[in-house]
Amino acid sequence: MEDNAALPIQSDLMSVARELERRLERFVDGLSAAVFRGRMQPVDMANRLVRQADLDITDSPAGPRIHNRYRVRINPADLNADLDPNELAAELVNALAVTAAERGWCTRGPVRVEIEVDDSVSPGTLRCDGSTVPGQLPSWGQLIDVRGSRILELDDNRVVIGRSDDADLRLHEAEISRHHAVVFREGGRTWVSDAGSVNGTSINGSAVAAKPVAISAGDELTLGPATFFFRLL
């Protein structure tokens, strides 16, 4: 198991902006002349979209949650007619999805971005309207029962495990609390925190409390009477 003393640290806006800029600069290089002719650049759009998602954060049992659908409106004078909005939208989707994983934001469904030109938007600015549309996400990890009887798929960036109907991953053992533990990824690592369970959470035999503890591939995660191997996909 990794060093449990290190807690997840939220990436600051500057580091996120630098990462988005590196990726979007590569995107812009591939577009040649078909880029923005006005004041709005792709990296500006990505940074403003991420900031808007940050402003839209709401609390959930698993932790911070953002909208997964955004309609981005931009003045037509800022967008070159030769630029494929779908290609740009795909890059913005990636930027927001990567940021969500790095910061441990729930999305509750795949990230989607739609770009619209709108004369009512001032040149050099954009407007972002967000909403949440639940949907299936690809798994990034698994919890495999040591008895081989079940596999729990980790798909959202944060998942609540418990006996309650509103838990993301349900376990039916009576010793499992309604909200037993939270498994999440943030800052390139995977973390586990106990959600105030009665019968406790542990990693490789070491107790986990509300303070998050890092978990590595191959570690054993025990929730009350149930033990799982953690697999990173």
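Shown here for Arg163 and Ala174, the closest heavy-atom pair between the two residues is NE-O, 3.9 Å. Closest heavy-atom contact between Gly196 and Asp194: N-OD2, 2.9 Å. In this structure, Thr132 and His67 approach most closely via the heavy-atom pair OG1-ND1, 3.0 Å. Here the shortest heavy-atom pairing between Asp156 and Cys106 reads OD1-CA, 3.5 Å. Between Leu171 and Leu152, the shortest heavy-atom distance links the atoms CD2-CD1, 3.8 Å. Heavy-atom minimum distance, Glu153 versus Ser139: OE1-OG, 2.8 Å.
Note: Ile144 CD1 to Leu221 CG = 12.0 Å, rounded to the nearest 0.5 Å. If you take OG1 on Thr227 and CG on Asn204, they are separated by 10.0 Å, rounding to the nearest 0.5 Å. Taken from CZ in Phe229 to CG in Leu143, the straight-line distance is 11.5 Å, to the nearest 0.5 Å. In this structure, CG on Asp168 lies 9.0 Å from CD1 on Ile161, to the nearest 0.5 angstrom. Distance CG/Leu96 to CZ/Arg112: 12.0 Å, rounded to 0.5 Å. Atom-to-atom distance recorded for Glu91:CD and Met45:CE is 12.0 Å, nearest 0.5 angstrom.
The side-chain heavy atoms of Ser197 and Ile176, taken from C-beta on, include no pair separated by under 4.5 Å. Proximity of Pro76 to Asp119: side-chain heavy atoms (C-beta onward) are separated by under 4.5 Å at one or more points. Side-chain contact between Val113 and Leu88 is absent, with no heavy atoms from C-beta onward closer than 4.5 Å. Residues Arg185 and Leu154 have side chains not in contact (no heavy-atom distance under 4.5 Å, counting atoms from C-beta outward). When side chains are defined from C-beta on, Pro85 does not count as touching Glu116, because their heavy atoms never get closer than 4.5 Å. Side-chain contact between Asp56 and Ile66: absent, with no pair of heavy atoms (C-beta onward) separated by less than 4.5 Å. Annotation: side chain of Leu137 is in contact with side chain of Pro110 (closest heavy-atom distance under 4.5 Å). Two residues are said to be in side-chain contact when any heavy atoms from C-beta on lie closer than 4.5 Å; Arg65 and Arg158 fail this criterion.
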| said: Let's go through Arg127 and Ser120 carefully: what are the C-alpha distance in whole Å and the side-chain angles of both, what is the deciding distance for side-chain contact (heavy atoms from CB on, under 4.5 Å) to 0.1 Å, and is it a yes or a no? | reply: CA-CA 10 Å; Arg127 295 177 186 171; Ser120 69; 3.6 Å; yes
| request: Tell me, with the steps shown, if Trp105 and Asp54 meet side-chain contact (heavy atoms from CB on, under 4.5 Å). | output: CA-CA 9 Å; Trp105 291 343; Asp54 196 8; 3.9 Å; yes
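Grouping the Ile, Leu, Val, Met, Phe, Trp and Tyr side chains by contacts below 4.5 angstrom, directly or via other members, places Ile215 with Trp140. The same ILVMFWY cluster, assembled from side-chain heavy atoms under 4.5 Å apart, contains both Ile74 and Val93. Leu49 and Ile57 fall within the same hydrophobic cluster, where Ile, Leu, Val, Met, Phe, Trp and Tyr residues are linked whenever their side-chain heavy atoms come under 4.5 Å apart, directly or through other members. Under a hydrophobic-cluster definition in which Ile, Leu, Val, Met, Phe, Trp and Tyr are linked whenever side-chain heavy atoms come within less than 4.5 Å, directly or via other members, Leu232 and Leu169 are assigned to the same cluster. A continuous path of ILVMFWY side-chain contacts below 4.5 Å connects Ile203 to Phe228, so both sit in one hydrophobic cluster.
In terms of modelled atom types and a separation under 3.5 Å, the side chain of Asp78 and the main chain of Pro123 share no donor-acceptor contact. Distance alone, capped at 3.5 Å, places no donor-acceptor pair between the His180 side chain and the Val160 backbone.
Arg69 and Glu114 are not joined by a salt bridge, as no carboxylate oxygen comes within less than 4.0 angstrom of a charged side-chain nitrogen.
Using cut-offs of 30° and 60° on the angle between ring planes, the pair Phe184 and Trp191 is parallel.
In this structure, a donor-acceptor pair under 3.5 Å is absent between the side chains of Asn68 and Thr107.
With sequence neighbours left out, the salt bridge (Lys or Arg N to Asp or Glu O under 4.0 Å) criterion links Asp129 to Arg71, Arg73.
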